[in-house]
Amino acid sequence: MLLAGGQGSRLKALTSKVAKPAVPFGGKYRIIDFPLSNCVNSGIDTVGVLTQYKPMELNAYLGNGQSWDLDRSDGGVHVLPPYLGEGEQGSWYKGTANAIYQNLDFIERFDPEYVLILSGDHIYKMDYSKMLDLHKKAGAACTISVMEVPWEEAPRFGILNVEDGDKIYEFEEKPKNPKSNLASMGIYIFTWSKLRQYLIADEKDEKSSNDFGKNIIPAMLGAGEVMMAYRFQGYWKDVGTIDSLWDANMDMLSPKSDMDLYDTEWPIYARSAVRPPNYMGPDASVSHSLLTSGGEIYGKVENSVLFHSVTVEPGAVVRYSVLMPGAVVKAGAVVDHAIIAERAVIGENAQVGEAPSPRSEEKNIAVVAQDLKVGSGAKVEAGAMITKNVKGGAK
């Protein structure tokens, strides 16, 4: 069950028209491609995708699941929005646990022994079958994937404290003084008979937040259920902020990131646009960048990630930036440390963003939202969040 209904408010301009899992990533993907591909590569052939916030583009992108080999008559991918039953006062999903509760009937159609709960907004590769093996061997009610984070960052996470054998004995939500640095990744495997019991009880509690981290996990721990921590080692990034999304895109350019997109044994599948080859003009200059199909490059591109159908006109410069599908950078414009959303147009001789000073710890990534225009000669300062058209010459 893949939770893909997040509003992504911290991504601001980039999620004004699309749900966070549908945000483009890494040159040819969308964020949701990573957990979906992990499912297929792990041997999981039945996936419920729980949508909510601005689902239209995400639903269209998923289609019948063919791009991920999930177009199956028995199982496959199923889009699961909130719905109103007869005589019910329907509502949006109130929390992560409530989202699963509202889909009890869907899950029980398949009569599973185990249910995997995932988030749709993380970038990583993971073999869930190894996590399930641990869960089975331990006879656990719940297994939570964890990874070690720097101790100074631990207070930002839900922290799991474990005994010998990685049996969980305590869960702390964003503790000021953490006892361990094992952070929950928001990836859970439950024995279904147990989870169903706790979901029903949680729904009856009017004071509950209906959330796995705040309610279900503490309830199971309090009842003495066997709960295990599965230690994950590898690349994992929660791309819930502008800085983290930019960082993760830049990581795709680094051979040391541990995210190998060229790994034929664990491919990341995507629904790719059908576009002609890239065209590089006679004076084009491209270095240390990712380019996809359908682009026209006449200017200079450095250390950047360009999606399909991007145009960089003569004399334009793009540095340390992410240009999403259909973005246009007009002649003489400079885009530096920025994210330009789908079909946005940067006018002639405009400037969007700038490199941070060597002493600065802030990235100050400038963002231009989907379908907007920055007029000729306009200046968009570092860290600016552009949510409406900018007139030419304006600062």
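In what follows, every heavy atom counts, from backbone to side chain, and hydrogens, waters and symmetry copies are set aside.
Atoms CD1 and CG, from I31 and L245 in turn, are 5.5 Å apart once rounded to the nearest 0.5 Å. Atom CG of L306 is separated from atom CG of L323 by 5.0 Å, given to the nearest 0.5 angstrom. L291 CG to F307 CZ: the interatomic distance, rounded to the nearest 0.5 Å, is 11.5 Å. For the atom pair Y235 OH and H122 NE2, the distance stands at 12.0 Å (nearest 0.5 Å). In this structure, the separation between OH on Y188 and CE on M220 is 11.5 Å, given to the nearest 0.5 Å. Put simply, OG1 on T51 and CG on L3 are 11.0 Å apart, with the number rounded to the nearest 0.5 Å.
Between L116 and L118 the shortest side-chain heavy-atom distance falls below 4.5 Å. Looking at heavy atoms from C-beta onward, I159 lies out of side-chain contact with K174 at the 4.5 angstrom threshold. Contact of the E170 side chain with the L160 side chain is not registered, since no non-hydrogen atoms from C-beta on lie closer than 4.5 Å. For the pair R231 and V146, the minimum side-chain heavy-atom distance is below 4.5 Å. Looking at N41 and Y269, their side chains come closer than 4.5 Å, going by heavy atoms from C-beta outward. Using a 4.5 Å heavy-atom threshold, the side chains of V23 and P21 count as separate. Put simply, the side chain of L11 reaches to within 4.5 Å of the side chain of K20, judged on heavy atoms. Looking at M126 and M131, their side chains come closer than 4.5 Å, going by heavy atoms from C-beta outward.
Ring pair F25/F34: centre-to-centre distance below 6.0 Å. In summary, the aromatic rings of Y298 and Y279 are positioned with their centroids under 6.0 Å apart. Separation of the F171 and F212 ring centroids does not fall under the 6.0 Å cut-off.
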Expected list for residues 149-156: side-chain donor-acceptor pairs under 3.5 angstrom, two or more places apart:
| unit_1 | atom_1 | unit_2 | atom_2 | d |
| --- | --- | --- | --- | --- |
| E153 | OE1 | R156 | NH2 | 3.3 |

Which pairs of donor and acceptor atoms, one on a side chain in residues 342-351, lie under 3.5 Å apart (sequence neighbours left out)?
| unit_1 | atom_1 | unit_2 | atom_2 | d |
| --- | --- | --- | --- | --- |
| R343 | NE | D371 | OD1 | 2.7 |
| R343 | NH2 | D371 | OD1 | 3.4 |
| R343 | NH2 | D371 | OD2 | 3.3 |
| Q351 | NE2 | G353 | O | 3.4 |

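Counted within 6.0 Å of NZ on K237, heavy atoms from surrounding residues, nucleotides or ligands total more than 12; the atom is thus considered enclosed. Annotation for E163: atom CD counts as buried by contact number, over 12 foreign heavy atoms lying within 6.0 Å. No more than 12 heavy-atom neighbours from other residues, nucleotides or ligands sit within 6.0 angstrom of CG on N177.
By the criterion of side-chain heavy atoms lying less than 4.5 angstrom apart, applied directly or through intervening Ile, Leu, Val, Met, Phe, Trp or Tyr residues, W192 is grouped together with F190 in one hydrophobic cluster. A continuous path of hydrophobic side-chain contacts links Y128 to V49 [ILVMFWY only; heavy atoms under 4.5 Å]. In terms of hydrophobic clustering, with Ile, Leu, Val, Met, Phe, Trp and Tyr side chains grouped at heavy-atom distances under 4.5 Å, I168 and Y198 are assigned to a common cluster. No single ILVMFWY cluster, assembled from side-chain heavy atoms under 4.5 Å apart, contains both V305 and V352. Placement of M227 and I100 within a single hydrophobic cluster is found when ILVMFWY residues are connected by side-chain heavy-atom separations under 4.5 Å, directly or transitively.
Side chain of H135 to backbone of A140: a donor-acceptor contact under 3.5 angstrom is found. Side-chain atoms of S321 never come within 3.5 Å of backbone atoms of V318 as a donor-acceptor pair (strictly under, hydrogens ignored). Looking at D205, its side chain never comes within 3.5 Å of a backbone N or O of A201 through a donor-acceptor pair. With hydrogens and angles disregarded, no donor-acceptor distance shorter than 3.5 Å links the side chain of N389 to the backbone of L372. Not one N or O on the side chain of T191 forms a donor-acceptor pair closer than 3.5 Å with the backbone of Y114. Of the possible polar contacts, none joining the S184 side chain to the G158 backbone as a donor-acceptor pair under 3.5 Å is found. Using a distance-only test at 3.5 Å, with no hydrogens or angles considered, no donor-acceptor pair links the side chain of S289 to the main chain of V286. Looking at N38, its side chain does come within 3.5 Å of a backbone N or O of Y124 through a donor-acceptor pair. Counting only distance, with no hydrogens or angles, the side chain of E313 and the backbone of K330 share no donor-acceptor pair below 3.5 Å. With S37 contributing its side chain and I268 its backbone, the two residues share no donor-acceptor pair below 3.5 Å.
Heavy atoms only, all atoms of each residue included: D238 and S244 are closest at O-OG, 3.2 Å. A pairwise comparison of heavy atoms in S16 and A13 identifies OG-O, 3.2 Å as the closest pair. In this structure, S180 and L182 approach most closely via the heavy-atom pair OG-N, 3.3 Å. Among all heavy-atom pairs drawn from A22 and R30, the shortest one is O-NH1, 2.6 Å. I107 and P112 make their closest contact through O-CD, 3.3 Å (heavy atoms, listed as atom of the first residue, atom of the second, distance). Nearest heavy atoms, H337 versus A355: ND1-CA, 3.6 Å.
The only option from N98, N215, T96, D202 that meets the side chain to side chain donor-acceptor pair (under 3.5 Å) definition with N210 turns out to be D202.
Side-chain atoms of D127 and W266 form no donor-acceptor pair, as typed in the model, at a separation below 3.5 Å. Side-chain contact of D33 with W68: a donor-acceptor pair under 3.5 Å is present, judged by distance alone.
The pair D258-K125 does not meet the salt-bridge criterion, since no charged nitrogen lies less than 4.0 angstrom from a carboxylate oxygen. With respect to the salt-bridge test (charged N to carboxylate O, under 4.0 angstrom), the residues K300 and E302 qualify. The pair K214-E173 does not meet the salt-bridge criterion, since no charged nitrogen lies less than 4.0 angstrom from a carboxylate oxygen. Between K94 and E203 there is a salt bridge, with a side-chain nitrogen of the basic residue lying less than 4.0 Å from a carboxylate oxygen of the acidic one.
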Test side chain to side chain contact (heavy atoms under 4.5 Å, CB included) on L14 and V367 and set out the steps.
CA-CA 8 Å; L14 298 178; V367 177; 3.8 Å; yes

CA sep, side-chain torsions, deciding dist, call: I187, F232, side chain to side chain contact (heavy atoms under 4.5 Å, CB included):
CA-CA 11 Å; I187 299 169; F232 174 76; over 6 Å; no

Q370 vs V18, test: side chain to side chain contact (heavy atoms under 4.5 Å, CB included). Steps then yes/no.
CA-CA 10 Å; Q370 186 173 318; V18 299; 4.2 Å; yes

Verdict with reasoning, L261 to D263, per side chain to side chain contact (heavy atoms under 4.5 Å, CB included)
CA-CA 6 Å; L261 296 177; D263 180 5; over 6 Å; no

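Using the six-membered ring where Trp is involved, Y320 and W246 have ring planes that are tilted, between 30° and 60° apart.
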